[in-house]
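Numbers here simply count residues along the sequence, with the first being 1.
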Amino acid sequence: QIQNSNLLDRWIISKLHNLISEVTSNLDKYEPTSAARAIEKFVVEDLSNWWLRRSRKRKEALGLLRFVLLELAKVIAPFIPFTAEDIYARLRSNRQLPISNSQFPMNEPELIHLTDWPKIEKKWLDEKLEKEMDEIRSLIAEGLALRKANQIKVRQPLRSTKLGLSNEFPADLEGLVKDELNVKNIIYDRSQQEKITLDMELDQALINEGYARELMRQIQDMRKEAKYRLDEKVF
């Protein structure tokens, strides 16, 4: 159920319905360029670079991914009809992808151009969550820039990051900051002028953990070169 899922899933559903609203409005005003740019931004920045990358290890996200792609195929159909039809046909034929609830029906028409235009479900819109996620992504971008400026690889764990914010984020969103910036703790400091700072001091334990992560990356690269499957054991 969407309402019981994590914040990342609720966010992508909200972004999807906002996309449907924006594309519908632009097409009604005969502004296809603005509609196409909104679709591109959603696919590249929101769906691919953020939600999908953050959810690729969650098997329970497959049903939601199928739903989002089905709705997206309907939205892009007026722009790239043959590509949309191909996506739609592949999703319909793959019955092994799990369906989370009644929001993900399996009785779609055979052709995408026989389906109804996606409806905007206001109950799935969450402007507050979208605003928080935008702030999270901005902070992460600044934090990664600080790492780069100080020549500290992302694989090297850091002790903490300090946020100069008046309000704290929910635990799920804090988890995104910790994972993306590879920090152990988040500290809130309302008196801090900078939005984000990083504790760059490394002790031996952190250094050793960084070495371990680098070793794991090299092993994974070797597995890819040898064409081993993810579930295949290597001796």
Any ion pair linking [Y] and [X] (charged N to carboxylate O, less than 4.0 Å)?
| X | Y | result |
| --- | --- | --- |
| R53 | E180 | yes |
| E40 | R37 | no |
| E194 | K162 | no |
| E71 | K119 | no |
| D203 | R159 | yes |
| K131 | E135 | no |

Exercise for the section: Dump the intermediate steps for side chain to side chain donor-acceptor pair (under 3.5 Å) on Y188 and E174, then the final yes or no. Expected result: CA-CA 11 Å; Y188 293 91; E174 284 188 351; 2.7 Å; yes
Problem - Partner of L139 under side-chain contact (heavy atoms from CB on, under 4.5 Å), chosen from L165, V177, T161 - result: L165
Practice task
Show your reasoning for whether salt bridge (Lys or Arg N to Asp or Glu O under 4.0 Å) applies to R58 and D9.
Solution key: CA-CA 11 Å; R58 297 191 297 124; D9 291 348; 2.6 Å; yes
Problem - Heavy-atom side-chain proximity of R92 to E110 below 4.5 angstrom - result: yes
Handout entry: Backbone N/O of E22 and side chain of S25: donor-acceptor pair under 3.5 Å
Key = no
Problem - Check: L125 main-chain N/O paired with S14 side-chain donor or acceptor under 3.5 Å - result: no
Exercise for the section: Supply the atom-to-atom distance E130 CD to D126 CG, rounded to the nearest 0.5 angstrom. Expected result: 7.5 Å
Practice task
Nearest 0.5 Å please: distance from the CD1 atom of I186 over to the CZ atom of F169.
Solution key: 8.5 Å
Handout entry: Donor + acceptor pair across side chains of Q156, N182 (<3.5 Å)
Key = no
Exercise for the section: State whether a side-chain donor-acceptor pair under 3.5 Å links W11 with D46. Expected result: no
